[in-house]
Structure formats: C-alpha cells, structure tokens
Amino acid sequence: MERRLAEIPASEWGDMRAIDFTPKESIVEYLLTAFPIHLYQVSQDENGTIKSELMTDANGDPIISQEALAMRDGLIERMSMLPPVNSLLDSLNWHFGDLVAEVTGRSKRVILKDGRYQLSQRSTSSNIAETNGFQDDEKRILVFSQSGATGSSYHADLSRKNQRLRRHYLLESGFSAIGAVQGLGRTLRANQRQQPEFVLLSTNICGELRFTSTISSRLSNLGAITRGQRGTGNSGLFNEDTNNFSSQYAKSALGEFFADLRRDSIGGISLSEFCNYTGLHLVNDSGQLLDTLPQMNTFLNRLLALPIGLQNILFAEFEQRILTRIEQAKAAGSYERGVENLFSDGGFEVTDTQILNTHSSGAETICYSIDKLNKPHLVSIESAQRIASTQRFNFYRHTKTGNLAMAGLIDKRIKRDGSAVDVMAIYQPVSNKLWLKLDLPDFEKVWIAETPTNQYWTQWQQLIDLAPQFERERIYLICGLLLPVWKQLPDDNPKVFRLQTNDGRILLGRSIDQHQIEKVFSNFGMKDLIKLNAEDIFMLVWEHRQVKYVSKWELQRNYYKGVERFEVLAVYGSDNINCFKGLGCFTEIIQHRTKVFIPVDKAVEIIDRLLNS
C-alpha cells in the first residue's frame, strides 16, 4: 500500500479511481531478469562429460533466442492485463463498509466510499474504538490480525451488549500454529453467553493438510476449547482422525504406504517415479526398504512438490490407510475420545425413560431415549442453479422415492482391490446433511438424470416449503450407576456424552448406538421394547456395517470380488434358497459355496417382507 501511494500524487488521495495493491511489478521484474532467453550449446569433452555453454556473437555478447524472448514478453503482457486480486482485508472492507470493525494496527488504509477510493488515516486508539464498536453491537463483523489484537478478547461476553454467536473464520493461519491457536482462543473465553463456531477456509488441494494438521494437533491440547473432563479437543474444526499426522495411526500408516509403494500397490505412481519426484531414498541396492525411513514431516513436505493431481491421489491413499487403522482400533474397543459435549440446533427432547437396574444401595441405571433436533439443510432453487452452473452438476430424480437432487463427480476413492471408483456429491432440496457422498456405481442404481422443467422446479420448491422446522435423530443415553452394569453394555467403541435437555436437565452417560439398543434391553431382561423398521435395519447394515438379525436370518455387508454385497448369512437347503429368490434375492457360488445376496436397490422392500414373514 505504501509503495502504491508513493506513486500517486497526494492531491489525488481523496479520490483514487482505481488502486492495485498486488505485487505485480515484483513478478514482472523477476521475469525480466530470470526468464531464460539466451541460447546455450551442449557439447561433450574428451572424457565424455556433457557441458552446456552460453553462445555468444562475434562481439562476445550473449545470443538471445527470439522464440524465448517472445514467450517472455507475451507472458508479461498477459500478466499486466490481469485484473488485480487485492488483499482479503481490503476486499472485506470495500464490500461490507461500515459494518466492519478492523483491529489490525494499520495507521492508514484505503477505503471505498461513494464509489471512490480514499486514503483514511487511523489513530493509535482506533483498535480500542473498533473493538468497542463490535462488542457494543454497532458493527457486525470483526477482522483482526495477530499484530493488532494482542491481549484482546472478542467472545460473547455477558457484560457486553453483543452476545451474538461468534462464527470465527480462520482466513490466513500463517506458518505458526501457536499464533493460529491464540487467535482462535480470542473468541472463546470465560463468562461467555455461548461458544463460538470455528470455520476453516481451505482449498481442495490435499497439501494444505500439511499445515492444518499442525494446527489441529495444537488445538487438541488447547484448554480453552474443551470437549470433556479428561482432555480437550478442536471442537470439530478438523477431522481428528485423518488430519492428526502425529498420531500413532498415521505413523503406522506411513510405514504401510512405503511398503505398498515398493510393491507397486499405490495407484498413479511407481517407486522410482516417487523417488525422482521427491528426492527421497526408500530402498537399498537390493531393492529392500531401508531400516531408517523418512519421518512424517519430511514425507509431507516432499509431497508438496508433486503436481496437484498426483498429490491429491497420494494423500487419498495415505488417508485411507489411516482410516483403516482407526476403524480397526474402534472395532477392538481401544479407540476412545473421553467425554464429549453434544449440541444441537433445536436442543434435545427426552421421549422415554426406562429404569434398567436398581442397585441394592437404591442407585438406578436409567436409559433415556432422546431426540436430537437438527435443522434440515435447505438448498434453494437459486443455490441449486448456481452450484450446478459453477461445478457442472446435473439434476436427477430418485427411481424409488421420486425425490430430486443435483449431483456431480467430486473425488475418487481407492477400493480394497486397488482400483479407483468415482465419488458423487449429492445435493437435495431438503436433507439432514448439506450434501451426501455416494460411489458412482451405487448412485447410478437409484438416480436417473432429468432435465429440469417448470414442474421439476415446482416440486423442488414444494419439498422446501413442506420441510419440517427440525429433523429428529434418536440417541440413547445410559445414565446413573454404570460401573456395576458396565459388562452388560456393548464393549466396542464406548463413548460418553454430556448434554442439556430442553427442560433443563443435564445428562451425562454412556451412549448406545441404535443398532445395539435391542441387545442392551435384552441383557437387562427387557425384550421387545425397541422395534426397528426395514429402513433402519438397512441403514445399520449397509452404512454402519453392523450385523443384524431379521427373523432367523443374519444380514451383513461383505466384500466379494471387488464389490460390496448385502449378504444373507448361513442360508442352507434348496427350499430356503428358493424362498429368498422368490423375494427378489440372487445367488452366486463363491469358493464352492452358494451365497445369497439382496440387491441393494431392493433391500428395504425385501427386509420388510422378512420382518412380516
């Protein structure tokens, strides 16, 4: 800004028609001095050594390649024609105007007023005035930097007028994780009306995880952002599972990644190509992995040198190996998070209370059936059209329910056989999530493309108009005396939640998944208290990979011949097999055994028939 203002006469500082704060001249200067435009001659000496020598003319001056010169000048010309991409800080000020409170320590800034760019001087007390303007609810937006906000607090203080929800966007985290953590902590303090929401803005370049993972690890130890009694967390800002590259799961996955790379089991790149790209040495002269392999930081830093497409593929491969280890730990019951506070848009309503056990001391073990009230995600027609046009999504209709959606390819997933499958993002008019993900083969089974008409958009709007204020998600919490009955509760992946109900009660207890609640009641001698419908059973088996009994048959999601299947286990006898075929199932001989599978697109219908059989 100072350099730009030096180029403009002071008499024009009150009315600057246009201003470009980008370092364009620095880049142009770099191209003028560093772009290779001279000709070189390659020769070989008597020892066979190849040398490259600068070519000169008769006067000893370097010979310039006219082709390279034209390329350089053309690049400079195109760059000089680019519109300025100004700083985020100035862009926010120019867009929102007086709604912005700026706490950055700048002594001067360029503002946009009445369509004119003007220089505005700022006093040393401007930071205090701007902070008070925000805390007194005179300004809705606060932008602060590390240099301008030392010692300041911006939380929903009970003693200040502005007690609105703070939605804290981390825009430029820099390279210091400590600085980012300190900045995030400024909107979360004691004596606050409500906790802030943290939002991290990032691109779809996986290399960014190299930096955000460091912040994630620090946030997990930040006492101000608590998740429970025994530890702290990052409030859901980061995916703790895959973004924590310092975890034991990530370190173990890195070793497997290198081993698979040596076996050429990583899609998209070979071992030699990987070593050439990154400069890492992984194997000895005999082709075996080195005893001392690169550490995590070195591995992540070198991945940043790869082309974006390849970088994303390798990060996806690495992430999948981390998730596999975490799933194994959860299945073994060795993965826990401690006590976690639950929050919801519409709060929590207790729908049923059941005493499971009464101890000799009189203490009770109680199961609370609780509805978590979540606001549905609504996608307006305007938003749908904008997303479809910018991301090249198409519109679809569900073959079974008739529901509408727009969808498009967003990613690839590496299957267990090493092959890649396209992943679709699905936006529906009304959903419990902003968008859903589904593998392309599964997507094509139930969604068909449709060109939007007036009738299509009318139905889209009707779905939005008929959407409930809140959607209910059922959770079960076992509270009270737990230690004597702990063995009667599921021993896989135990989780402890704390929540406050809409009638003011604070409940702390052991969470029970929906697919396990039947067994829990049975363990306490109470049967037939919980009944799951066909859709619930399908979701639990297919999406949550749980084994469920329907009538006398056991249903499970299994992986055969590169495909995920919905299997009915232990079906013997031609009569039973023919009965399932009559319901719409199909059979296949695998390893000399006849197996019965339920078509995924008809699973709910077939399960419903089994429930009523």
Side-chain angles (χ1 to χ4, degrees), residues 1-38 62 64 68-134 138-152 154 169-176 178-180 182-183 186 201 203 211:
M1 182 182 65
E2 295 287 355
R3 290 197 304 269
R4 285 291 178 270
L5 292 176
E7 299 170 357
I8 302 173
S11 59
E12 298 181 9
W13 286 357
D15 185 6
M16 295 178 286
R17 296 300 177 185
I19 190 164
D20 182 355
F21 286 154
T22 62
K24 187 177 296 183
E25 79 286 351
S26 300
I27 300 176
V28 171
E29 183 179 352
Y30 170 77
L31 291 174
L32 287 172
T33 57
F35 195 95
I37 59 173
H38 298 119
I64 296 177
L69 182 63
M71 291 175 61
R72 185 197 68 180
D73 293 344
L75 180 58
I76 293 175
E77 182 182 21
R78 292 196 301 274
M79 183 173 298
S80 301
M81 294 170 59
L82 292 175
V85 181
N86 289 304
S87 71
L88 181 61
L89 176 59
D90 289 305
S91 298
L92 288 172
N93 278 323
W94 297 343
H95 182 79
F96 292 105
D98 293 336
L99 293 176
V100 178
E102 179 188 331
V103 183
T104 60
R106 293 199 295 181
S107 61
K108 63 182 66 173
R109 63 181 179 178
V110 174
I111 62 173
L112 180 62
K113 187 174 183 180
D114 300 328
R116 298 182 300 172
Y117 294 97
Q118 304 174 11
L119 181 64
S120 171
Q121 302 287 345
R122 310 184 78 217
S123 66
T124 56
S125 61
S126 60
N127 285 348
I128 298 176
E130 294 283 73
T131 299
N132 289 333
F134 176 73
E138 297 170 359
K139 299 192 174 187
R140 296 293 301 275
I141 302 168
L142 173 71
V143 181
F144 69 91
S145 66
Q146 184 175 0
S147 59
T150 303
S152 300
Y154 310 118
Y169 294 88
L170 179 61
L171 299 177
E172 295 177 356
S173 60
F175 293 97
S176 171
I178 296 177
Q182 290 174 341
R186 298 197 183 282
L201 300 186
T203 68
F211 307 105

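What you see below is based on every heavy atom in this structure, not just the backbone, and it leaves out hydrogens, waters and symmetry mates.
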Are any non-hydrogen side-chain atoms of [X] and [Y] less than 4.5 angstrom apart?
X	Y	value
V110	Q118	no
I76	F35	no
L92	L171	yes
R186	L142	no

Any idea which heavy atoms bring [X] and [Y] closest together, and the distance?
X	Y	result
M79	I27	SD-CG2, 3.4 Å
F134	I141	CD1-C, 4.1 Å
A68	P36	CB-O, 3.5 Å
S123	S126	O-OG, 2.9 Å

Note to self: Determine whether E130 and F144 satisfy the following criterion, side-chain contact (heavy atoms from CB on, under 4.5 Å), listing intermediate values before the conclusion.
What the structure shows: CA-CA 10 Å; E130 294 283 73; F144 69 91; over 6 Å; no

Checklist line | Residue list, side chain to side chain contact (heavy atoms under 4.5 Å, CB included) with P23, at least two apart or on another chain | finding: S26

Measuring from [X]:[atom1] to [Y]:[atom2], what's the distance to the nearest 0.5 Å?
X	Y	atom1	atom2	value
L112	S120	CG	OG	12.5 Å
L31	I37	CG	CD1	11.5 Å
N127	T104	CG	OG1	6.5 Å
H95	D90	NE2	CG	14.5 Å

Go through the structure and list residues passing salt bridge (Lys or Arg N to Asp or Glu O under 4.0 Å) with [X], not counting sequence neighbours.
X	result
R109	E102
E138	none
K113	none

With a cut-off of 6.0 Å (strictly less than), are more than 12 heavy atoms of other residues, nucleotides or ligands near [atom1] of [X]?
X	atom1	value
I128	CD1	no
M71	CE	no
N132	CG	yes

Next item on the list: Applying ring-ring contact (aromatic ring centres under 6.0 Å, His included), name anything that partners W94, two or more places apart in sequence or on another chain.
Entry: Y117

Item checked: Of all pairs that satisfy salt bridge (charged side-chain N to carboxylate O under 4.0 Å, His left out), the ones with a partner from residues 71-82, not counting sequence neighbours ->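 Qualifying pairs, neighbours excluded: none.
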
